Amino acid sequence: MAEQNIAGGVTAAGPAYDPQKIEEKWQKRWAEARVFETEADPSKPKYYVLEMLPYPSGTMHMGHMRNYAIGDVVARVKRMRGFNVLHPMGWDAFGLPAENAAIKNNTHPREWTNKNIAEFQRVLRRFGFSYDWRREISTCEPEYYRWNQWFFLRMLERGLAYRKKSRVNWCPKCCTVLANEQVINGGYCWRHEDTLVESREIEQWFLKTTAYAEQLLDDLKELEGGWPERVILMQRNWIGKSQGAKVKFAVADLAGAEPIEVFTTRIDTIYGATAVILAPGHPLLPKLLKDSPARGEAEAKLGKMLQTSVKTEDLATMEKEGFFTGRYAVNPFSGEKIPIWVGNFVLMEYGTGAIMAVPAHDQRDLGFCRKYALPVRVVVQPKEVESPKAVEGAFTEYGVSVNSGPYSSMESETAIAKMAAFAEQKGFGRAETVFRLKDWGISRQRYWGTPIPVVYCEKDGIVPIPDSELPVVLPDKVKLTGEGGSPLAATPEFVNTTCPKCGGPARRETDTMDTFVDSSWYFYRYCDPRNEKRPYDSTKIVYWFQIDQYIGGITHAILHLLYSRFWCKVMRDLGLITHNEPIARLFTQGMVQKGGVAMSKSRGNVVGAEEMAQKYGADTGRLYTLFAAPPEKDLEWSEESIEGSWRFLNRVYRLVERHAPAIKGVKGGNGDAAASPKEKLLLRKAHQTLRRVTQDFETRWHFNSAIALVMEMTNEIYLQEPLEKEVRPEVRKEVLELLTLMLAPMTPHLAEELWEMLGYSGGLWKASWPAFDEALTREDEVEIPVQVNGRLRGKVKVAVGANADEVEKLARADAAIAPHLAGKAVVKRIFVPDKLLNLVVA
RNA sequence: GCCCGGGUGGCGGAAUGGCAGACGCUGAGGACUUAAAAUCCUCCGAGGAUUUUUCCUCAUGUGGGUUCGACUCCCACCCCGGGCACCA
């Protein structure tokens, strides 16, 4: 059986490394001693390290495990360094899969979820991660989600939550609305990659993320250095700030028509505008077309366009199409009449849904105007060149205005400022900034989520539930069919209620909240997880926040992190906290793959974490995920390679086991001046290793090379065996003790066991990270590579600190090097003390 | 199209201006064993010269450059992965 513990087969004399036994033993002791339970303590420096909370689904695989292994190393190192470490864990427990599974298996989402939570928890405990389990939270519990509702009400009061009718992405399989970012591959559902998303219009709840667009952008500066550059960049692009101007074009010859407002980043090119182009869904269109001479044809084309534009699938490759409305607009600067067109490439959702086409200075406009034979007029010239004769591509850079009335011969920057000012003065426009970022649609027509706490009263309209009546509890008894919208809407006991204001009959909101709401602030709740009066006590936040280190997948680079940042700013403006950003440092770890693709249930390539723990033990599993690749890179799972980690831990175990009886009674130390060469060598190796491992843990997070160093040290000790005669017990102890301490953050159970074998009864969890002894790391002698003209020709052994002359003398005497110098004059000598000698000969 | 990563042995990877390939996996050989497993030790980029010792050349995607010296810095290009995209 493949799941068998491979140590189980070892029947040789003497105790062998038995991870099952050791790991259980120490997990029990840690729990008894409450080692990982933390309280705020202003007398100690704090460290808040957090891994993104998991969605508990199915089995936990090595991909999950890696994330927690990385976080646990950090937590344990920081603890050994004297920090008061907060390291909590919880469950992102609401969400669609629970509901889908419930429908399929005829169970309740709560049951399914709790079963998975129990399973996930068991595996996490099996791996010995150092969480403070008392702080565990589950977002599907009323104790938690009531605060989602509380925050929602605060946002409602401040106008940050509102309802609007909006065109939404609708997945016919999920029967729910998808966020834009849940639409993937140009129009497919992120959960059903083969299902095309439809477009529907529905009344929905939104949170006004756009109110914080500017801050969300600006505060990214605070994250520089602490967050990966690419995540900052992705967020910046997502927010998509664009500075420009809005300008109104009056509609000619149509009494009562509102002017058409366009957005442009290049108001300086307005004299070159040869058309105004509207998005197919532009609200003014019906009025424009009503008595238009081109009505018949135009309406037919529009109808077709609206139909096809629903398919967002091939937006990128779609041919630019357009038609003339039969109407004209008046350029407010030149007074010129230009045709109003409709174009399928103009987006209603961005800017004003209308643009001015300046074909000479915009590549896309140029393509459109050429296709429909609209005129092209140059109004900006490059500063240096006289006059470009034929326009091949559009000239999109800044230059000097021409043919632009009073603005001619102005530089583009100047013209932009002056023209925007003029437009504002005359009242037909102004400088304006638009964002790509949209408000956050949080309505979900689903059961398994936080109920939105409002009622609809015939008399009073939308009425918020008073705080005192929170939580609005999700009813247990509902019919889940997976069809026809929200299950809550079909549950009369939930829907029918009374209005908190007038006491009359009212209908409850049946939408539930997006689960990103749950994860937007959960890390605050960890600081005060059982508070029944408030989401959290602000004084506790002051101690623990910001999060010093957040660890998770790059997949959440935009949404989860952006929403969390938004929530933080809202809470700050509510006066609950004082910081601007919740997360000081972010680390995005790579995925664990098998067969070149990420582990996932649907691909059937998962390696179960529990299975690995049974076969090799938790420590081997942890070590391997840390060793096989640097943490930020993807890791290809290899069943053969993990054997190497298993062998290594056995090697260490046997080493300590062999020496423990002789050294457990003595005190570890460096020995005295009369150290034997072997002692010197071992101490040097141990302290050199410690120096570099300390560096790898603290500054570089290169766990893989740290492990390699510890392996090297272990190999060195083996090579020096037998140690009994030439290495005194105290030195043996010193070396093995350091080895144990260095492994402790990565393989904590084994390290505890070794620590005990070495004669310590207190528990390694109380031990501090050791300091290396600089004097012991020094070499007496070094081998210096000697190059001639930059090519390696030999090596010489010299005392540390030898000067260039001494090294050169030895090099000239070296049989391998001398021939390359014979009869040649050294014209230049490069000498790096203890590192290198390079002789340049003519 | 734009923006980020990345390209090093049979494989995962190490080295961030100074001995390329640490460490691990795989493979080969040896020791131990009745035998196997486990364990311990040795070897393992390519080509050539010399044969039992060593030496030389080539080699970090490709081509240039800077430097005494480049996996590392600069320029151009190729390939792979990811993100964004009619954004006005």
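Lettering of chains follows the sequences in order, A, B, ..., and the numbering in each one begins at 1. What you see is a predicted model, and the numbers here were worked out from it, not measured in a lab. All values below come from the heavy atoms of this structure, side chains included, with hydrogens, waters and symmetry mates left out.
B/rA85 makes up no base pair with any nucleotide shown, lacking Watson-Crick or G-U wobble contacts both under 3.5 Å. Of the nucleotides present, B/rC11 is the one that pairs with B/rG24 by Watson-Crick or G-U wobble criteria, both distances under 3.5 Å.
Ranking B/rC4, B/rA88, B/rC86 by closeness to the A/Y350 side chain, first place goes to B/rA88. Which of B/rC86, B/rG18, B/rG83 sits closest to the side chain of A/M234 comes down to B/rG83.
Base contact: A/I830 has a heavy atom under 4.0 Å from a base atom. A/V346 comes within contact range of at least one nucleobase, with a heavy-atom separation under 4.0 Å. Across all strands shown, A/R230 has heavy atoms under 4.0 Å from sugar-phosphate atoms exclusively, and none from any base. At a threshold of 4.0 angstrom between heavy atoms, the contacts of A/R793 are confined to the sugar-phosphate backbone, with no base atom among them. Within 4.0 Å (heavy atoms only), A/S638 reaches no atom of the nucleic acid at all.
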Hey, what are the protein-to-nucleotides 11-14 of chain B N/O distances that come in under 3.5 Å?
unit_1	atom_1	unit_2	atom_2	d
B/rG12	O2'	A/A628	O	2.6
B/rG13	O3'	A/N704	ND2	3.3
B/rA14	OP1	A/N704	ND2	2.9

Please list, pair by pair, any protein nitrogen or oxygen found under 3.5 Å from a nitrogen or oxygen in nucleotides 40-42 of chain B.
unit_1	atom_1	unit_2	atom_2	d
B/rC40	OP1	A/R651	NH1	2.6
B/rC40	OP1	A/R654	NH2	3.2

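Checking side-chain atoms of A/D834 against main-chain N and O of A/G801 turns up a donor-acceptor pair under 3.5 Å. Checked by atom type and distance alone, the side chain of A/R565 pairs as donor or acceptor with a backbone atom of A/L216 at under 3.5 Å.
Ion pairing of A/R266 with A/E397 is absent here, as no side-chain N (NZ or NE/NH1/NH2) approaches a carboxylate O to less than 4.0 Å. Ion pairing between a basic and an acidic side chain is recognised when a charged N comes within 4.0 Å of a carboxylate O; A/E779 and A/R684 show such pairing.
Mapped onto RNA chain B by nearest heavy atom, A/S645 and A/V434 fall at different nucleotides, with A/S645 at the one closer to the 5' end. Position along RNA chain B of the nearest nucleotide to A/N789 versus A/E640 favours A/E640 as the more 5'-ward residue.
The separation of B/rA70 from B/rG61, taken at their C1' atoms, amounts to 16 Å, rounded to a whole angstrom.
Contact annotation: side chain of A/K795 to base of B/rC19, donor-acceptor pair present below 3.5 Å.
Using a 3.5 Å distance cut-off with no hydrogens or angles, the side chains of A/T210 and A/D439 do pair a donor with an acceptor. Using modelled atom types, one finds no donor on one side chain facing an acceptor on the other under 3.5 Å when comparing A/N237 with A/R436. Side-chain contact annotation: A/E721 with A/H659, donor-acceptor N/O pair under 3.5 Å present.
Going from atom CZ of A/F345 over to atom C1' of B/rC86 covers 7 Å, rounded to whole Å.
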